[in-house]
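The next block holds one structure in the form of structure tokens; read it before the comments.
Since the model is a prediction, treat every value here as computed from it, not as a measurement.
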Amino acid sequence: MQEGRGGKTTIAPRAPELRQDPITRQWVVVAPDRALRPGTTATAEGGLPTEDELLSCPFCEGREDKTPPETFAVRPAGGEPDTPGWTVRVVPNLYPVFEHHEVVISTPRHVRSFADLARDELEGVATAWRERAGAARAAGFPYVHALLNEGRAAGGSLPHSHTQLAWLAEIPPSVKAEAGSSDCSVCQHLEAELTAGERLILERDGLALLAAYGGRLPYELLITPREHTAGSAFESDLLAPALGLVAEALRRLRAIEGPIPVNAWLHDHGHWHLEVLPRLTVFGGIELGAGIYVNSVAPEEAAAELREVSP
């Protein structure tokens with residue numbers, strides 16, 4: 001605080017801090033005062049599903065004819081493909097970005113958010129990811145990019161919980177960049193973060209949930225195994241618990257900010273990890289033109305808030 005003209009007390013501006021995230025290698029300016037600007041917050045997406053939404057959703061059970069034929073499903077033995085009775089279902093994306101681009105429908109019930117999936121539903125998603133990643137490798141695709149787009153501002157087009165799998169012919173550039181050195185950057189960063197503790201939100205089942213040191217947007221999160229893992233996440237027993245941490249993190253965030261758009265993705269190379277990027281603010285010319293992200297919530301403050309709320 002400082003005294004301004006006329007004896008009035010004003011809030012002293014906080015100096016922005018430039019950081020480079022040790023994992024993503026992205027440059028970030030942590031500038032809390034930017035949150036005071038008008039018109040920078042993404043629109044929340046809450047409320048109950050409308051009747052039209054429920055009647056028209058092609059991902060709900062009983063509307064299997066509204067999607068392309070399934071490539072995989074978890075259903076009782078003997079069940080017919082593309083019929084009701086499934087618990088998780090994988091279909092080709094109607095509007096693919098790549099030759100092989102699939103949608104994993106999380107549940108037959110109309111659930112808008114990944115945050116609201118039950119444990120058995122999350123395990124079903126992990127099973128579908130594992131099976132389709134195996135199919136991709138068998139077909140000669142060495143990398144599968146698993147992702148979540150939830151809410152219109154995050155690129156989500158349908159309000160029924162689903163994830164996507166893109167089969168890629170090579171490891172994406174951003175994933176290669178993270179594993180560019182001989183030492184595991186995730187291991188080094190995780191050791192430092194667990195020692196410091198200020199950005200650690202919780203540990204469970206051999207996994208750590210952290211507020212990203214160089215968060216590109218407010219409340220960006222990192223979920224990773226505590227121990228170094230050289231194998232694929234798709235084959236790991238920790239995949240389902242990791243998806244459970246994604247869901248819990250979104251519930252904690254919703255308790256603070258309400259329903260918000262979010263992106264998340266898996267980097268399945270070296271020490272695998274999940275990155276969760278809530279879309280609370282919009283990108284401007286600095287982010288898009290200079291490649292330097294501006295975060296108005298210090299990751300240390302984000303972690304403290306998320307530790308305090310009940311999931």
One should read off an interatomic distance between K176 NZ and Y143 OH, to the nearest 0.5 angstrom, of 11.5 Å
Side chain to side chain donor-acceptor pair (under 3.5 Å) with E102: of T163, N93, T71, only one passes, and it is T71
Side chain to side chain contact (heavy atoms under 4.5 Å, CB included) with E220: of L280, V297, L277, only one passes, and it is L277
Could you give me the CA-CA distance, side-chain angles and deciding distance for T67 and R89, then say whether side-chain contact (heavy atoms from CB on, under 4.5 Å) is met? CA-CA 11 Å; T67 69; R89 189 165 177 260; 2.9 Å; yes
One should read off an interatomic distance between L158 CG and N149 CG, to the nearest 0.5 angstrom, of 11.5 Å
Cut-off 3.5 Å, side chains only: do W86 and E70 have a donor facing an acceptor?
-> no
message = Could you check whether any side-chain N or O of E64 sits under 3.5 Å from a backbone N or O of G62, counting only pairs where one atom can act as donor and the other as acceptor?
response = yes
Does a salt bridge link R19 with E300, judged by any charged N lying under 4.0 Å from a carboxylate O? yes
Contacts satisfying ring pair (Phe, Tyr, Trp, His ring centres under 6.0 Å) that involve residues 96-121 (not counting sequence neighbours) are H100-F141, H100-W167, H110-H160
Practice prompt. Spell out, yes or no, whether L266 and L209 are grouped together once hydrophobic residues are joined by side-chain heavy atoms under 4.5 Å, including indirect joins.
Written response: yes
Query raised in the report: Donor-acceptor pair, R75 side chain versus E80 backbone, under 3.5 Å?
Result: yes
d(L210 CG, L222 CG) to nearest 0.5 Å is 5.5 Å
Quiz item: Can you check whether V88's main-chain N or O pairs, donor with acceptor, with S106's side chain at less than 3.5 Å?
Solution: no
Minimal heavy-atom distance between V91 and I105, with the atoms involved, is CG2-CD1, 4.5 Å
Can any side-chain N or O of H228 pair as donor or acceptor with the backbone N or O of V186 at less than 3.5 Å? no
For A154 and N263 the tightest heavy-atom approach is O-ND2, 2.7 Å
- Pairing of R112 and E53 as salt bridge, 4.0 angstrom limit: yes
Scan the side chains in residues 232-239 for donor-acceptor partners under 3.5 Å anywhere in the protein, sequence neighbours excluded, and list what turns up.
unit_1, atom_1, unit_2, atom_2, d
S232, OG, F234, N, 3.1
S232, OG, D268, OD1, 3.4
S232, OG, D268, OD2, 2.8
E235, OE2, R137, NH2, 2.9
S236, OG, L238, N, 3.0

Heavy-atom nearest pair, G214 first then D21, reads N-OD2, 2.8 Å
In short, side chain to side chain donor-acceptor pair (under 3.5 Å) pairs touching residues 200-211 with sequence neighbours left out are E203-R226, R204-E248
So, does E287 use its side chain to make a donor-acceptor pair with the main chain of F283 at under 3.5 Å? no
Check the hydrophobic clustering (I, L, V, M, F, W, Y; side-chain heavy atoms under 4.5 Å; chains of links allowed) and say if V125 and I223 are grouped together. yes
Heavy-atom closest pair (S310 atom, A255 atom, distance to 0.1 Å) is O-CB, 4.5 Å
From the list E301, E305, R252, side chain to side chain donor-acceptor pair (under 3.5 Å) with Y219 holds only for E305
Between L306 and L221, does the side-chain contact (heavy atoms from CB on, under 4.5 Å) criterion hold? Intermediate values first, please. CA-CA 11 Å; L306 290 166; L221 305 171; 3.8 Å; yes
**same_hphob_cluster(L207, L274) at 4.5 Å side-chain heavy-atom cutoff** = yes
Please tell me whether V262 and V104 are part of a single hydrophobic cluster in this structure, the criterion being side-chain heavy atoms less than 4.5 Å apart. yes
Separation between CG (L165) and CZ (R132), nearest 0.5 Å, reads 8.5 Å
Distance col, row R279:CZ vs R152:CZ, nearest 0.5 angstrom, shows 15.0 Å
Flag side-chain contact, heavy atom, 4.5 Å: L94 against P68
yes
Residues P218 and S296: closest non-hydrogen pair is CG-OG, 3.7 Å
- Message: Can a donor-acceptor pair be found, under 3.5 Å and without considering hydrogens, that links the side chain of S161 to the backbone of V111?
- Response: no
Rounding to 0.5 Å, atoms CG (L117) and CG (L243) come to a distance of 9.5 Å
Tell me, with the steps shown, if L122 and V246 meet side-chain contact (heavy atoms from CB on, under 4.5 Å). CA-CA 10 Å; L122 293 163; V246 173; over 6 Å; no
Looking only at heavy atoms, the pair that brings P299 and G215 closest together is CG-N, 4.3 Å
Side-chain donor-acceptor pair present, E275, T24, cut-off under 3.5 Å
no
Tell me whether I286 is reachable from W27 by hopping between hydrophobic residues (I, L, V, M, F, W, Y) whose side-chain heavy atoms are closer than 4.5 Å.
yes
Pairing of D116 and R109 as salt bridge, 4.0 angstrom limit:
no
### Step-by-step side-chain contact (heavy atoms from CB on, under 4.5 Å) determination, H273 to I23
CA-CA 10 Å; H273 56 278; I23 297 177; 3.8 Å; yes
Enclosure of R63 CZ (heavy-atom neighbours >12, cutoff 6.0 Å): yes
Donor-acceptor contact present, side-chain S185 to main-chain E178, <3.5 Å = yes
Using 30° and 60° as the class boundaries, would you call the ring planes of W265 and H267 parallel, tilted or perpendicular? tilted
